[in-house]
There are 2 protein chains.
Amino acid sequence: MVQTQILSKNQQMVFQIIEKAKGPLKAYSILNDVQKKGIKAPLQVYRALDKLLELGKIHKIESKNAFVACKNSNCEITKATAFSICEKCEKVTEINNSKLSNYLSDFQDNTGMKYNKYNLEFFGFCKKCK
Amino acid sequence: MVQTQILSKNQQMVFQIIEKAKGPLKAYSILNDVQKKGIKAPLQVYRALDKLLELGKIHKIESKNAFVACKNSNCEITKATAFSICEKCEKVTEINNSKLSNYLSDFQDNTGMKYNKYNLEFFGFCKKCK
DNA sequence: TTAATAAATGTTATAATATAACAAGCCGTT
DNA sequence: AACGGCTTGTTATATTATAACATTTATTAA
Ligand SMILES: [Zn+2]
Ligand SMILES: [Zn+2]
Ligand SMILES: [Zn+2]
Ligand SMILES: [Zn+2]
């Protein structure tokens with residue numbers, strides 16, 4: 001059977017909110033939004049978030065415990081992510097730079113470890129804030 | 001006056017525990033340890049952690065909400081950190097690779113943003129686990 | 001079609017992580 | 001002694017995330 005990979009009802013609700021947002025959203029702020037539409041409990045939000053992360057539709061900004069929609073159709077399955085984060089206005093942008101991603105995906109250190117995933121967060125001031 | 005930059009009592013207690021640990025420690029596990037030695041409340045641990053982070057004596061592994069001692073005397077003030085994390089045994093190693101750190105410190109994207117800090121976390125399987 | 005299986009939902013309770021607010025102590029400087 | 005800055009102590013609370021269990025809905029396969 002053809003896998004249409006349609007999101008479930010809750011997954012869709014949560015995704016749409018994240019997608020429309022101007023910046024990263026926290027789980028409980030998402031919860032607050034979707035409570036108008038039927039979802040009652042944190043767990044329902046977290047389950048949707050987990051699934052969306054797994055699908056690579058969203059990413060978690062670890063330093064903020066917040067979630068953004070993937071703006072980068074080719075970073076499947078959330079294996080290689082890089083973000084730029086303004087420390088003043090909190091603006092977050094997903095970096096799409098093939099040189100950087102190639103460099104990091106090919107990175108090898110001397111510990112004999114084989115990497116299959118990375119997450120990079122840059123901090124600074126955006127054009128407006130500097 | 002000459003700033004000897006000696007750690008305070010609580011800061012020292014917390015730092016010693018993190019330094020001796022084999023892996024990253026969570027705040028409440030640190031609390032559990034130091035409760036034998038007088039510290040009673042989470043806040044006392046978090047305050048020490050904040051200070052140690054600020055001094056660059058420890059780093060936070062954001063994906064784990066856990067703390068490790070800096071193994072890298074030259075990464076002052078926690079401005080540029082990179083870690084390798086084993087997804088099986090949870091071993092965490094601070095990466096000390098000047099090519100990588102130069103590459104990242106010099107990185108510029110097309111958004112006009114000037115970066116002054118980054119954190120990179122690599123995931124994979126260590127030598128023992130792969 | 002129907003039974004089996006897997007995925008998603010609903011619900012209540014609770015765990016784990018982190019900060020607010022306020023009072024008091026210590027220590028070097030003036 | 002008095003001031004200022006930093007550190008500590010304490011209680012309460014906010015924020016983030018998961019456990020456990022029951023039920024429902026969707027997919028697969030006989
Ligand atoms: Zn992405
Ligand atoms: Zn900004
Ligand atoms: Zn370091
Ligand atoms: Zn390992």
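A, B, ... follow the sequence lines: proteins, then strands. Residue 1 opens every chain.
- Comparing Asn65(B) and Arg47(B) against DNA chain D, the residue whose closest nucleotide sits nearer the 5' end is Arg47(B).
- The aromatic rings of Phe122(B) and Phe107(A) lie parallel to each other, their planes meeting at an angle below 30°, with 60° marking the opposite boundary.
- With values rounded to the nearest 0.5 angstrom, Leu104(B) atom CG is found 7.0 Å from Tyr103(A) atom OH.
- Distance NZ (Lys37(B)) to P (dT8(D)): 15 Å, rounded to an integer number of Å.
- Contact between the side-chain N/O atoms of Tyr46(A) and the OP1/OP2 oxygens of dA17(D) is found at a separation under 4.0 Å.
- Atom CE of Met13(A) and atom P of dA8(C) are 16 Å apart (whole Å).
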Just the table, please: protein N/O against nucleotides 5-7 of chain D N/O, every pair under 3.5 Å.
residue, atom, partner, partner atom, Å
dT7(D), O3', Ser8(B), OG, 3.2

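- In this structure, CG of Leu31(B) is placed 13 Å from P of dG9(D), rounded to the nearest angstrom.
- Here Lys26(B) reaches the OP1 or OP2 of dT17(C): one of its side-chain N or O atoms lies under 4.0 Å away.
- Closest to the Ala41(B) side chain, of the nucleotides dT8(D), dA20(D), dT11(D), is dT11(D).
- Of the side-chain N and O atoms in Lys40(A), none sit less than 4.0 angstrom from OP1 or OP2 of dG10(C).
- One can place NZ of Lys64(B) at 13 Å from P of dT18(D), the figure rounded to the nearest angstrom.
- Put simply, CZ on Phe67(B) is 10 Å from P on dT17(C), counting in whole angstrom units.
- Counting any heavy atom pair closer than 4.0 Å across all strands shown, Leu43(A) reaches a base atom.
- Using a 4.0 Å cut-off between charged side-chain N and carboxylate O, Glu121(A) and Lys64(A) make no salt bridge.
- For the 3.5 Å distance criterion, the side chains of Asn96(A) and Glu94(A) fail to qualify, holding no donor opposite an acceptor.
- Within a 6.0 Å radius of NZ in Lys88(A), no more than 12 heavy atoms belonging to other residues, nucleotides or ligands are found.
- When the side-chain nitrogen and oxygen atoms of Lys60(B) are compared with OP1 and OP2 of dA18(C), one or more of them lie within a distance under 4.0 Å.
- Leu49(A) has its CG atom 14 Å from the P atom of dA8(C), to the nearest Å.
- In this structure, Lys40(B) places its NZ atom where only 12 or fewer heavy-atom neighbours from other residues, nucleotides or ligands lie under 6.0 Å away.
- Rounded to whole angstrom, the span from the CG atom of Asp50(B) across to the C1' atom of dA18(C) amounts to 10 Å.
- Atom CD1 in Ile39(A) sits roughly 8 Å away from atom P in dT9(C) (whole-Å rounding).
- Evaluation of atom-type donor-acceptor distances gives no pair under 3.5 Å for the side chain of Tyr28(A) against the base of dA14(D).
- By the 6.0 Å contact criterion, NZ on Lys60(A) is enclosed, its count of non-hydrogen atoms from other residues, nucleotides or ligands being greater than 12.
- Listed nucleotides dT8(D), dT9(C), dA18(C) differ in distance to Gln44(B); the shortest reach to its side chain belongs to dT8(D).
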